[in-house]
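Have a look at the structure below, then the notes.
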Amino acid sequence: GNNYRNVKPLIINGHKFYLTQCKDDKIFWLNPQPGETFIKSLYSEPYYNVGVDHPQLLSQIGLRDATEENYAYRSNIAKKQVDEWISAGIEPYTQSNERKKLLEVGGGRGYVQIAARERGWKTVGLEISDYCVQECRKKGLEVFLMGLPQFGQGYPPESFDLIAMYDLIEHLPNPRDDLKVVRNLLKRGCYLTTRIPIFSEDETPRLHIAGHHLWHFNQSSLEKLLEQEGFEVFKSFESGILEFEEERTQNMTVFARKI
């Protein structure tokens with residue numbers, strides 16, 4: 001139908017896309033959706049080193065993750081995130097003192113897995129970036145080079161106590177499909193946590209994240225998506241601001257329980 005509008009054009013790696021918005025739920029998406037080859041080429045080593053190699057491009061794409069200062073900053077953020085789990089009532093040990101099992105999806109260089117392991121969690125990671133998988137394995141982490149759909153086909157259901165998807169849902173070509181896998185992999189009554197940039201319904205996503213995010217949610221559309229896929233949101237809070245030059249975007253962290 002025609003229940004959408006093209007908001008503005010974007011050029012990414014020489015390819016033209018449009019930022020498009022659904023008129024009903026106000027979700028934005030990248031149109032057309034890029035294919036798997038494009039996405040895998042995007043999250044290669046230059047994406048993580050752009051802050052050193054091409055700092056002028058940070059306002060458009062990539063992460064500051066290339067210096068000792070960057071590493072320390074990201075490590076500290078990861079430790080705070082693991083503390084947030086405990087604040088939400090999610091402990092790393094069972095009542096019989098067995099270590100619980102975490103799956104982190106899209107964890108980059110493995111900061112959250114490391115922080116979780118230090119607090120007692122058994123951890124498994126998934127990454128589509130070959131570069132990040134090699135970086136994680138150097139640190140002794142168990143990380144598979146694949147996305148959720150492929151992993152879910154070969155891993156036993158109801159295996160995990162917690163699944164973490166930080167700064168990820170907005171990057172997924174088919175978030176609903178991935179959330180179905182997440183629900184299948186979680187034990188009954190266990191937890192999903194995610195963090196994504198949030199926009200108010202009358203905002204347009206900023207250039208510094210519009211270029212490499214496939215989806216852009218407001219709080220109500222994110223919570224609606226989670227509820228439709230079999231989760232109960234029980235805690236959400238603002239968790240830091242993405243800031244480039246004059247552009248500021250609020251992040252939101254959400255905790256949801258499999259129902």
To the nearest 0.5 Å, what is the distance between [atom1] ([X]) and [atom2] ([Y])?
X	Y	atom1	atom2	result
Leu179	Lys258	CG	NZ	13.0 Å
Tyr131	Leu145	OH	CG	14.5 Å
Met252	Leu222	CE	CG	8.5 Å
Leu185	Cys190	CG	SG	12.0 Å
Arg74	Gln81	CZ	CD	10.0 Å
Leu162	Leu102	CG	CG	5.0 Å

NZ/NE/NH1/NH2 to OD/OE distance under 4.0 Å, [X] and [Y]:
X	Y	value
Lys138	Glu135	yes
Asp167	Arg195	yes
Arg176	Glu229	yes

Does [X] share a hydrophobic cluster with [Y], counting links as ILVMFWY side-chain heavy atoms below 4.5 Å and allowing steps through other members?
X	Y	answer
Val181	Leu126	yes
Phe255	Val233	no
Tyr71	Val82	no
Leu226	Val105	yes
Phe217	Val182	yes

Between the main-chain N or O of [Y] and the side-chain N or O of [X], is there a donor-acceptor pair closer than 3.5 Å?
X	Y	result
Glu127	Ser129	yes
Asn174	Asp177	no
Arg99	Tyr93	no
Trp215	Leu172	yes

For the residue pair Trp85 and Tyr166, categorise the inter-ring angle as parallel (less than 30°), tilted (30 to 60°) or perpendicular (more than 60°).
parallel
In Ile163, Thr253, Val254, the residue satisfying side-chain contact (heavy atoms from CB on, under 4.5 Å) with Thr193 is Thr253
Sorted by chain and residue number, the ring pair (Phe, Tyr, Trp, His ring centres under 6.0 Å) partners of Phe160 (sequence neighbours excluded) come out as Tyr155
Applying ring pair (Phe, Tyr, Trp, His ring centres under 6.0 Å) to Phe231 and not counting sequence neighbours gives none
Side chain to side chain contact (heavy atoms under 4.5 Å, CB included) evaluation trace for Thr194 with Leu168:
CA-CA 8 Å; Thr194 185; Leu168 178 69; 5.8 Å; no
Start with the C-alpha distance between Asp83 and Arg119, add both sets of side-chain angles, then the distance that settles side chain to side chain contact (heavy atoms under 4.5 Å, CB included), and finish with yes or no. CA-CA 9 Å; Asp83 287 341; Arg119 295 297 291 267; 2.4 Å; yes
What verdict does the side chain to side chain contact (heavy atoms under 4.5 Å, CB included) test give for Glu170 and Leu214, after you've listed the backbone C-alpha separation in whole Å, the side-chain angles of each residue and the deciding distance to 0.1 Å? CA-CA 6 Å; Glu170 66 273 21; Leu214 308 187; over 6 Å; no
Got more than 12 heavy atoms from elsewhere within 6.0 Å of NZ, Lys235?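 Enclosed: over 12 neighbouring heavy atoms sit under 6.0 Å from NZ of Lys235.
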Original post:
In terms of heavy-atom contacts, does CD of Glu69 have more than 12 from other residues, nucleotides or ligands at under 6.0 Å?
Top reply: no
Sequence neighbours excluded, the answer for side-chain hydrogen bond (donor to acceptor under 3.5 Å, both in side chains) partners of Arg117 is none
Please report the shortest heavy-atom distance between [X] and [Y], naming the atom on each side.
X	Y	value
Phe144	Arg137	CA-NH2, 4.1 Å
Ser221	Asn218	N-OD1, 2.8 Å
Glu118	Lys79	OE1-CE, 3.9 Å
Pro149	Asp178	CD-OD2, 3.7 Å
Cys136	Val143	CB-CG2, 3.5 Å
Leu186	Leu192	CD1-N, 4.1 Å

Report task. Establish, for the pair Arg257 and Tyr191, whether the NZ or CZ atom is under 6.0 angstrom from the six-membered ring centre and no further than 45 degrees off its axis. Result ->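 So Arg257 doesn't make the cation-pi contact.
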Test: Lys139 cationic atom under 6.0 Å from Tyr111 six-membered ring centre, within 45° of axis:
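The answer is yes; both the distance and angle limits are met.
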Check whether any side-chain heavy atom of [X] lies under 4.5 Å from a side-chain heavy atom of [Y], and answer yes or no.
X	Y	answer
Leu148	Met165	yes
Lys100	Trp121	yes
Arg5	Lys23	yes

**Message:** What I want to check is whether the side chains of Ser239 and Asn251 have a donor and an acceptor closer together than 3.5 Å.
**Reply:**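 Their side chains do not contain a donor-acceptor pair, so the 3.5 Å distance test is not met.
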task = Start with the C-alpha gap between Ile86 and Ile90, add the side-chain angles, then the distance that decides, and say whether side chain to side chain contact (heavy atoms under 4.5 Å, CB included) holds.
result = CA-CA 5 Å; Ile86 294 173; Ile90 306 170; over 6 Å; no
| field | Step-by-step salt bridge (Lys or Arg N to Asp or Glu O under 4.0 Å) determination, Lys187 to Asp161 | value | CA-CA 6 Å; Lys187 296 175 184 177; Asp161 301 279; 3.2 Å; yes
